[in-house]
Amino acid sequence: MTSFLAWFWNERFWLPHNVTWADLKNTDEAVYPQSEDLYLAGPLAFCIIMVRLLFERLIVRPLVSGLRIEVKEAQKAPPNAILDKVYTAITKHPDEKRLEGLSKQLDWDVRTIQRWFYRRRDQERPTTLARFCESMWKFAFYIYIFTYGVRYLKKTPWLHNTRECWQNYPNQPLTVEVHYYYLLELSFCLSLLVPQLADVKRKDFLITLMHHVLSICLIVLSYVSNMVRAGTLVMCLHDSAEVLLEAAKMAKYARFKRFCNLLFLMFTLIFITSRLALYPAWVLKTTVFESWSLLGIFPSWWLLNGMLLLLLALHCLWAYLILRVTCRALSGPQGRKLNPLCVSLDNHHEVDFSSDEEEIPPHPKKPPHTSHRSQRNANGSNGAHRTNGYL
């Protein structure tokens, strides 16, 4: 393990020319970022998860009683061994051909089978109460961390002159405020990543997972290579839109439609302004061009700037989806009134454009008739695949 770490943290890759890790050792006069500093992120992420559980139980849930939050659980699909096997082993969204085959096998109406799959998918989705608790926790954290970042950056010279990010680099002493800022951001990202891996996989799971992993890598690598000044700009800029996103979610779950509309429009404006305008014109300008002119190019420069450009590509993708959803809502049957309820805002970090509000297939006018013989053929003579009275 020691040899791997020595190979991975090769100073010729991570540091500019004529600079070694020995130059960044802590002394009595100055403290510099060390990779060991981030070992606390794992235990701190576990503590954040515990604090979140207490926050939801002691603060959020008592507040829900005064709001119009649905607390009932989704209606469960009746047990059916054949359909459950198809759902778990083959597909959760059967096509018409498979639906017709299941209809003949079970002697059920196609609409009834569609309703069964809808109910089965609905069982795996978190309840509205759980979503509201999650959004309120994220809202509280982003309010705190964004306020902290703004208050800290107001005292720094690189907020107004980004060339200060690279003056005397990498011999820039680490302050307690930056160490706390980085450790808290990293721990929070880890606390969101672990539940996402164990949660229900949504349509944008891979994109969101990529964003989480990319954010964690950027935080770790920029800290160890002491690019923390530029890193604080990136973190604060990204947290600005998250506050409005979580607020819009809470308004949606509480059924404050007009307030949700307003917050959604504000989120769209802030997201596009911060991540498609300020991010490339302010952050990428200093990490690519100003660092190039002041420091020159070294191997990790390509890696970190490549990751920042990949982050910009994800921003463009999400901005396209946000605008597409907005245009679709404006041109929908509701007239020119934006209705974000047509899009799911539920996600662990960004906007989830998967449809959590599926349109439930209408119940057939005539319930399917099943003879004893067809029921025995569908379920097996020994009763192993019984439909448990759903017909």
Closest approach of [X] and [Y], non-hydrogen atoms and distance?
{"X": "Lys92", "Y": "Phe117", "value": "O-CD2, 3.7 Å"}
{"X": "His17", "Y": "Ile297", "value": "NE2-O, 3.7 Å"}
{"X": "Leu15", "Y": "Ser300", "value": "N-OG, 4.5 Å"}
{"X": "Tyr181", "Y": "Asp239", "value": "OH-OD2, 4.2 Å"}
{"X": "Cys165", "Y": "Ala230", "value": "SG-N, 3.9 Å"}
{"X": "Ser187", "Y": "Leu44", "value": "OG-CD2, 3.2 Å"}

Plane angle bin for [Y] and [X] - parallel if under 30°, tilted between 30 and 60°, otherwise perpendicular:
{"X": "Phe271", "Y": "His315", "answer": "perpendicular"}
{"X": "Tyr87", "Y": "Trp116", "answer": "perpendicular"}
{"X": "Tyr144", "Y": "Tyr180", "answer": "perpendicular"}
{"X": "His211", "Y": "Trp318", "answer": "perpendicular"}
{"X": "Phe8", "Y": "Trp14", "answer": "tilted"}
{"X": "Tyr279", "Y": "His238", "answer": "perpendicular"}

Verdict with supporting geometry, Leu38 and Ile219, side chain to side chain contact (heavy atoms under 4.5 Å, CB included)
CA-CA 10 Å; Leu38 301 179; Ile219 291 174; 5.8 Å; no

Starting from the C-alpha separation in whole Å, work towards a yes-or-no answer on side chain to side chain donor-acceptor pair (under 3.5 Å) for Tyr182 and Ser222.
CA-CA 10 Å; Tyr182 259 79; Ser222 65; 3.0 Å; yes

Can you establish whether the number of heavy atoms outside [X] located under 6.0 Å from its atom [atom1] is more than 12?
{"X": "Met210", "atom1": "CE", "result": "no"}
{"X": "Glu36", "atom1": "CD", "result": "yes"}
{"X": "Arg12", "atom1": "CZ", "result": "yes"}
{"X": "Asn168", "atom1": "CG", "result": "no"}
{"X": "Phe46", "atom1": "CZ", "result": "no"}

Lys104 bridged to Glu100 by N-O distance under 4.0 Å
no

Charged N to carboxylate O below 4.0 Å: is that the case for Lys285 and Glu290?
yes

Counting N and O atoms only, with roles assigned by atom type, does the side chain of [X] sit under 3.5 Å from a partner on the main chain of [Y], one being a donor and the other an acceptor?
{"X": "Thr162", "Y": "Trp158", "result": "no"}
{"X": "Thr273", "Y": "Leu269", "result": "yes"}
{"X": "Ser135", "Y": "Met250", "result": "no"}
{"X": "Asn305", "Y": "Trp302", "result": "no"}
{"X": "Glu164", "Y": "Pro157", "result": "no"}
{"X": "Trp21", "Y": "Asn10", "result": "no"}
{"X": "Ser191", "Y": "Phe188", "result": "yes"}
{"X": "Asn226", "Y": "Pro170", "result": "yes"}

If hydrophobic clusters are built from ILVMFWY residues whose side chains come within less than 4.5 Å, do [X] and [Y] share one?
{"X": "Met136", "Y": "Ile49", "answer": "no"}
{"X": "Val243", "Y": "Ile59", "answer": "yes"}
{"X": "Leu53", "Y": "Phe139", "answer": "no"}
{"X": "Leu310", "Y": "Val283", "answer": "yes"}
{"X": "Val220", "Y": "Tyr39", "answer": "no"}

Could you go through the side chain to side chain contact (heavy atoms under 4.5 Å, CB included) check for Gln172 and Arg229 one step at a time?
CA-CA 9 Å; Gln172 300 170 344; Arg229 294 186 176 182; 3.6 Å; yes

Answer yes if the ring centres of Trp292 and Trp301 are under 6.0 angstrom apart, and no otherwise.
yes

Kindly compute the distance separating CG (Leu99) from CG (Asp109), expressed to the nearest 0.5 Å.
10.5 Å

Distance (rounded to the nearest 0.5 Å) between Gln34 CD and Tyr223 OH
7.5 Å

For a side chain to side chain contact (heavy atoms under 4.5 Å, CB included) check, start with the C-alpha distance between Ser291 and Thr286, then their side-chain angles and the critical distance, and finish with the verdict.
CA-CA 6 Å; Ser291 64; Thr286 187; over 6 Å; no

Please examine the side chains of [Y] and [X], heavy atoms only from C-beta on, and report whether any two atoms are closer than 4.5 Å.
{"X": "Val60", "Y": "Trp137", "answer": "no"}
{"X": "Val150", "Y": "Cys236", "answer": "yes"}
{"X": "Leu192", "Y": "Lys138", "answer": "yes"}
{"X": "Tyr148", "Y": "Leu184", "answer": "no"}
{"X": "Leu312", "Y": "Arg275", "answer": "no"}
{"X": "Leu183", "Y": "Leu40", "answer": "yes"}
{"X": "Tyr152", "Y": "Val178", "answer": "yes"}
{"X": "Leu284", "Y": "Phe289", "answer": "no"}

Before giving the answer on side chain to side chain contact (heavy atoms under 4.5 Å, CB included), spell out for Met227 and Thr287 the whole-Å C-alpha distance, their side-chain angles and the decisive distance to 0.1 Å.
CA-CA 9 Å; Met227 294 185 181; Thr287 60; over 6 Å; no

